[in-house]
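Each remark here refers to the structure printed beneath this line.
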Amino acid sequence: MAKFYDVGMKKTELLCLSHWRKELLGEISGDVLEIGSGTGVNLKYYPKTLNRLVLSEPDLNMRHYLSQRIDELGRDNISMIKNTAESIDLPDESFDYIVSTLVLCSVHNQLSTLKTLKRLLRPNGYFIFLEHVADEDNPKILKWQKRLEPFWKFIGGNCHLTRKTEHLIKQAGFHFIQLERTIMQDAPKFVRPIIKGIAQKHESL
Ligand SMILES: C[S@@+](CC[C@H](N)C(=O)[O-])C[C@H]1O[C@@H](n2cnc3c(N)ncnc32)[C@H](O)[C@@H]1O
C-alpha cells in the first residue's frame, strides 16, 4: 500500500484533498502531533513557523517514505514516532493541535484513540480532522459500505467504511468549531462521504 499510495491518490489529491489539507493546516501554530502520517503528504502544508511537529506512523513501509520527506525538508523541529495513535505515551497536555487525515477509519478503536488524543491536547487544544465516513444520508450506499467493509478492511490496512466518526468525536469530549460534510472526488462511491473540520477539547468532559 505504501508504495502505491501517492500514485493511487494523485487525482483525488489534485481535485480536492490538496485544497482541504491547505485550508486545514495552513494556519496552525505551536506544538503539533499528526497521527498516521503515511508517506508524509501533509508535510508541505504545515507552516514553517511551527514550534514542534511530531509525526506518528506505525507502518514500517509508510515510515520509509515519510522519513525521506522529513529529510528533504531538513527542519530540526520535526520528529517521527512509531506508535499507533492509541498507544502514544507522550505526557498529558503536550500539544496545541492534533491532526488526523484519513486515519480514524483504520484505528482499532475510535473512542479510545480519540480519548488518547484528548489527553495529549492542552486545555482548549484543537483536533483537526479529515475523514471518510459512513454515508448516513444514503441507505443504498450505506448498504454497499456494509457489504464491502470486510473485504476493504482486508486489502486496505483495516480501513472501515461504516464508521460514524462525527458522533465519536463528540462522544470523546470534543465540540465542533467547524464541521463540513462533503464528498471526495474521483473516489469510489463507498469511500466518498467525508467529514472535515476542527474540534476543540471540551474542558468539562
Ligand atoms: C489512508 S492512510 C492516510 C495517510 C495520510 N494521513 C494521508 O492523509 O494521506 C492511513 C494511515 O493510517 C495509518 N494507521 C493505521 N492504523 C493506525 C493506527 N492505529 N494509529 C495510527 N495510524 C494508523 C496507516 O499506517 C496509514 O499510514
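Start at 1 and go down the list; that is how both ligands and their atoms are numbered. Just so it is clear, the model here is predicted, and its values are computed rather than measured.
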* Structure fact -> Counting only non-hydrogen atoms and a 4.0 Å cut-off, the residues near ligand 1 are Tyr5, Arg21, Gly36, Ser37, Gly38, Val41, Glu57, Pro58, Asp59, Met62, Thr84, Ala85, Glu86, Thr101, Leu102, Val103, Ser106, Val107
* Asked: Do Thr162 and Glu149 have side-chain atoms, one donor and one acceptor, less than 3.5 Å apart?
  -> yes
* Asked: Is Arg63 paired with Glu57 through a side-chain N to carboxylate O contact shorter than 4.0 Å?
  -> no
* If you draw a 6.0 Å radius around CZ in Arg181, do more than 12 non-hydrogen atoms from other residues or ligands fall strictly inside? -> no
* For atom CG of Asp92, decide whether the heavy atoms of other residues, nucleotides or ligands shown that lie under 6.0 angstrom number more than 12. => yes
* Asked: For His175, does its backbone N or O pair with a side-chain atom of Gln200 as donor and acceptor, under 3.5 Å?
  -> no
* Structure fact -> The ring pair (Phe, Tyr, Trp, His ring centres under 6.0 Å) partner of Phe176 among Phe127, Tyr126, Phe129 is Phe129
